[in-house]
Asks: 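I have a structure I would like to understand better, so I am pasting it below and will then ask my questions one at a time.
Reminder, nothing fancy here: chain letters follow the sequence lines and each chain counts from 1. Note that the structure is a prediction, hence the values are computed from the model and not measured.
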Number of protein chains: 2
Amino acid sequence: MPSYPLLMDSPPRSRPPATLASLAAEIGVSRTTVSNAYNRPDQLSPQLRARVMEAAARLGYPGPDPVARSLRTRKAGAVGLLLTEQLSYAFRDPAALAFLEGLTLECDTARVGLLLVPARPGSDDVSGVASAAVDGFVAYSMPDDDPHLHAVLSRRLPAVICDQPALRGTDLVGIDDAAAAREIAEHLVQLGHRRIGVVCMRLGRARRDGPVDLARQQQAHYHVQRHRLAGLRAGFVAAGVAWDRVPVVEQFDHSLEAGARGAAAVLAMDPGITALVATSDVLAMGAMQELARRRQRVPEDVSVTGFDGVRAALDLELTTVVQPSLEKGRQAGRLLLDPGRTARGRRVVLPTALTPGRTTAPPRI
Amino acid sequence: MPSYPLLMDSPPRSRPPATLASLAAEIGVSRTTVSNAYNRPDQLSPQLRARVMEAAARLGYPGPDPVARSLRTRKAGAVGLLLTEQLSYAFRDPAALAFLEGLTLECDTARVGLLLVPARPGSDDVSGVASAAVDGFVAYSMPDDDPHLHAVLSRRLPAVICDQPALRGTDLVGIDDAAAAREIAEHLVQLGHRRIGVVCMRLGRARRDGPVDLARQQQAHYHVQRHRLAGLRAGFVAAGVAWDRVPVVEQFDHSLEAGARGAAAVLAMDPGITALVATSDVLAMGAMQELARRRQRVPEDVSVTGFDGVRAALDLELTTVVQPSLEKGRQAGRLLLDPGRTARGRRVVLPTALTPGRTTAPPRI
DNA sequence: TTGTAGGCGTTATCAA
DNA sequence: TTGATAACGCCTACAA
């Protein structure tokens, strides 16, 4: 990597950087006047203001320091976004991206920045949360035992939790995961499926891949997954399926590859399933790749369902539940940025729609 | 939207929020001691520290205020990212996403947050830049006349510019756009193409769609586009192509639809082209959709090329130039966060690779 | 229209 | 090991 220390054209670096006070002294006016020149131009004669600005340019004064201003006004002009994953990871999940897009939309109109706060799942270092200069937080899909989340809550700032977990005293945005999952179960039951398998996303902070027993399903720290599994179980049990015989496989990673691995694990546990339920579209699409490798046709040999309704899944005509991910982001932003924000504990539950595609059909024979 | 003002379980709101000073007074120690309890635990007897923390919990003191700390230490613990588009837009561009991913990777390891600073193309309101509490900025693909960019430069903070524009005194990360574009031209020339059309991205801040004359090509405020067009021109002119006969169509939006419209416009200007060059993969993929609608086969009837090497394009086996978008983000982050940062005006030029796919072939006849 | 002065909450420095 | 003091740079009543 070439590195040319080129000619500096930055202004005289000798003098200490100009401040509002030094600028005021320079032109022989008060600090108030300089402050007003920036924040209340109408409180000033145009000539005086021009003089101030001219001097500012001359001395290289970049305008009032945002940090000092924040300290004084008690406003940061930014909101923090807490993501469960290493930041770079979130950008790989289409549903998370849609959420982010919705949130930024609201931040744009409210004229506030969005601070991405890293929250590595393995790390208990919450300094990123503690040191974030923000007016509030949005927590996106965090497990209920995540220290970063609790660090957010202890900051005593406005907070909106999206998807999970359900905590008293903060605003919530989400969907009815259990009901939506149950619809999937009923759809498959109605088609005639009784022998199924499930691939779900991570249920806790620790890396773990493989079969999940009922206890772990019910104790999952990711409420979304817990509720989706509960919904599936309710739907299938109602149709007489013995849930303890249903292979449920957890995948820590959220990727096509993980979906493929999950499908393989499920098939190893019961090669005779007629339907494979995934708790996300990404996992479902990965599962379909695995089935293709095994020359199993979808839906003739095995039906497959997803969850989320991401673009790629809809293009594939995957049977899935469509949820308004972008709208979730918007609602989270609105709740947080709502100027008349007084009541806490508001809940926004967004609608979902079971969307049958071409990946589900009656079981063979 | 249901909205339940539920039971507040927030602690006593009567008292004014605790501060380091009030906490110190409460337990009868100095502020220094409390500060040390948080920042230099080893400078304290364990018992005293325990007493401090206990009192903090009791009074609901959330720890040192990040803004006040920033003011004192002159460190914000965050970097700002300036994007040319409404934030929500950037999340639709795979190359921008890859860049973002690379940048966040570096921010993660450096333990700093990333502040997304909105910079609407139409707006001249640079208050978002002026009020960003950050230690430095990364400007991603901004036009050279953008007021937000100049606001960044006048903040006198470390700044790294990615892709464009080339400005003395700041660090730069990019690729050799002209050379890469010229390779595309030479590839097509070698195949035998002499009658071509071009769809390019926006060349200025104002919305504009349609044919672009040479003057506008050479005055484009987006350096990347300017250099790519210059590279194409150089390559084709060298082969005897009369550039002023080549239809070049600008598209303000960056989407598949825009690519389709651009292709349509080019074909309207010269239905006899044998190759269509797009200055981004997204535009190229949109153009292919338009060609498909017209029952023009690629590459039999028309060859198509892109630029960027995004995943979807490579899956389609589009002939394109692959550039290391994620690596650009990393390099930008490194340059900015480099602790030994003294020299300005460093330049990092990353390699590109012309990657022939299945969308280019010799012209028919 | 302009100026005075106090304080926002913290940390660095130096002394005890 | 602990404490006193002085900034950090700004905003905003209030007064002139």
Side-chain angles (χ1 to χ4, degrees), chain A residues 15-53 55-56 59-77 127 130-135 155-157, chain B residues 15-53 55-56 59-77 127 130-135 155-157:
Chain A
R15 217 172 18 229
T19 71
L20 198 124
S22 72
L23 187 57
E26 170 82 14
I27 38 185
V29 300
S30 78
R31 292 176 295 171
T32 306
T33 301
V34 179
S35 177
N36 281 338
Y38 282 94
N39 302 317
R40 295 168 175 171
D42 50 318
Q43 301 287 302
L44 230 64
S45 69
Q47 318 68 302
L48 183 53
R49 188 173 125 86
R51 244 178 74 208
V52 172
M53 293 318 210
L59 269 67
Y61 176 61
D65 180 299
V67 173
R69 169 187 275 154
S70 280
L71 177 60
R72 188 56 238 241
T73 61
R74 314 265 54 194
K75 293 225 130 300
S127 61
S131 67
V134 296
D135 299 318
R155 281 277 309 259
R156 284 153 205 289
L157 291 173
Chain B
R15 218 174 18 229
T19 69
L20 197 119
S22 72
L23 187 58
E26 171 81 14
I27 38 184
V29 300
S30 78
R31 289 175 300 182
T32 306
T33 300
V34 178
S35 177
N36 282 337
Y38 281 94
N39 301 317
R40 298 180 169 135
D42 49 319
Q43 301 287 301
L44 231 61
S45 68
Q47 330 51 313
L48 183 52
R49 188 173 127 87
R51 246 177 73 209
V52 172
M53 293 320 213
L59 269 67
Y61 175 62
D65 180 299
V67 174
R69 168 186 278 157
S70 282
L71 177 59
R72 185 59 238 234
T73 61
R74 313 266 55 191
K75 294 225 128 304
S127 61
S131 67
V134 297
D135 298 318
R155 283 275 311 258
R156 284 154 205 289
L157 290 174

Asks: With a 4.0 Å cut-off on N to O distance, would you call B/Asp42 and B/Arg49 a salt bridge?
Replies: no
Asks: Backbone N or O of B/Gly63 within a donor-acceptor pair of the A/Arg155 side chain at under 3.5 Å?
Replies: no
Asks: Check the distance between C/dA12's P and B/Gln43's CD and give it to me in whole angstrom.
Replies: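 Rounded to whole Å, this separation is 11 Å.
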Asks: Figure out the CG/P separation between A/Leu44 and D/dC11, and round it to whole Å.
Replies: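 Atom-to-atom, A/Leu44 to D/dC11, this comes out as 14 Å.
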Asks: Hey, is the side chain of A/Thr19 poking within less than 4.0 Å of OP1 or OP2 on D/dG9, counting only N and O atoms?
Replies: no
Asks: As a test of reading the structure: which of C/dA12, C/dT4, D/dG9 is closest to the side chain of B/Leu71, going by heavy atoms?
Replies: D/dG9
Asks: Under 4.0 Å between any heavy atoms, over every strand shown, what does A/Val29 touch: base, sugar-phosphate, or nothing? Just pick one.
Replies: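 Here A/Val29 touches the backbone only, sparing every base.
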Asks: State whether B/Thr33 places a side-chain N or O below 4.0 Å from either non-bridging phosphate oxygen (OP1 or OP2) of D/dT2.
Replies: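 For B/Thr33, the contact criterion (side-chain N or O under 4.0 Å from OP1 or OP2 of D/dT2) is not met.
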Asks: Quick one: the side chain of B/Thr73 and the base of C/dA12, do they pair up donor-acceptor inside 3.5 Å?
Replies: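 Absent.
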Asks: Mind calculating the distance between CG (A/Leu20) and P (D/dG9) to the nearest angstrom?
Replies: 11 Å
Asks: Between C/dG7 and A/Arg74, counting only base atoms on the nucleotide and side-chain atoms on the residue, is there a donor-acceptor pair under 3.5 Å?
Replies: no
Asks: Do B/Leu44 and B/Gln47 come within less than 4.5 Å of each other through their side chains, counting heavy atoms only?
Replies: no
Asks: Given atom CZ of B/Arg40 and atom C1' of D/dG3, what is their separation to the nearest angstrom?
Replies: 14 Å
Asks: Answer yes or no: does a side-chain N or O of B/Ser35 lie under 4.0 Å from OP1 or OP2 of C/dT11?
Replies: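 Result: yes.
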Asks: On DNA chain D, check which nucleotide each of B/Ser45 and A/Pro64 is closest to and give me the residue with the more 5' one.
Replies: B/Ser45
Asks: What is the separation between atom NZ on A/Lys75 and atom C1' on D/dG9, rounded to the nearest whole Å?
Replies: 19 Å
Asks: For A/Arg72 and C/dT10, what is the distance between atoms CZ and P respectively, to the nearest whole Å?
Replies: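 The answer, rounded to whole Å, is 15 Å.
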Asks: Does B/Asp135 use its side chain to pair, donor to acceptor, with the backbone of B/Ala76 at less than 3.5 Å?
Replies: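 Yes, B/Asp135 side chain to B/Ala76 backbone: donor-acceptor pair under 3.5 Å.
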Asks: Between B/Arg69 and B/Asn39, is any side-chain donor less than 3.5 angstrom from a side-chain acceptor?
Replies: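 B/Asn39 and B/Arg69 do have a side-chain donor-acceptor pair below 3.5 Å.
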Asks: With a 3.5 Å cut-off and no angle check, do the side chains of B/Thr33 and B/Ser30 form a donor-acceptor pair?
Replies: yes
Asks: Roughly how many Å is it from CG in B/Asn39 to C1' in C/dT10, rounded to a whole number?
Replies: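 Going from B/Asn39 (CG) to C/dT10 (C1'), I get 9 Å.
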Asks: Using only side-chain N and O atoms of B/Tyr61, determine if any of them is under 4.0 Å from OP1 or OP2 of C/dT10.
Replies: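 Result: yes.
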Asks: Quick one: label B/Arg49 by what it contacts on the DNA or RNA (base, sugar-phosphate, nothing), any heavy atom closer than 4.0 Å.
Replies: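 If one applies the 4.0 Å heavy-atom cut-off, B/Arg49 turns out to touch nothing in the nucleic acid.
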Asks: Measuring to OP1 and OP2 of C/dT1, would you say a side-chain N or O of A/Asn36 lies under 4.0 angstrom away?
Replies: no
Asks: Given D/dT12, is OP1 or OP2 found less than 4.0 Å from the side-chain N or O atoms of A/Arg31?
Replies: no
Asks: Can you see if the side chain of A/Arg69 gets near the phosphate of D/dC10 - specifically, an N or O under 4.0 Å from OP1 or OP2?
Replies: no
Asks: Whole-Å distance between D/dC8 P and A/Asp65 CG?
Replies: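 After rounding, the reported distance stands at 12 Å.
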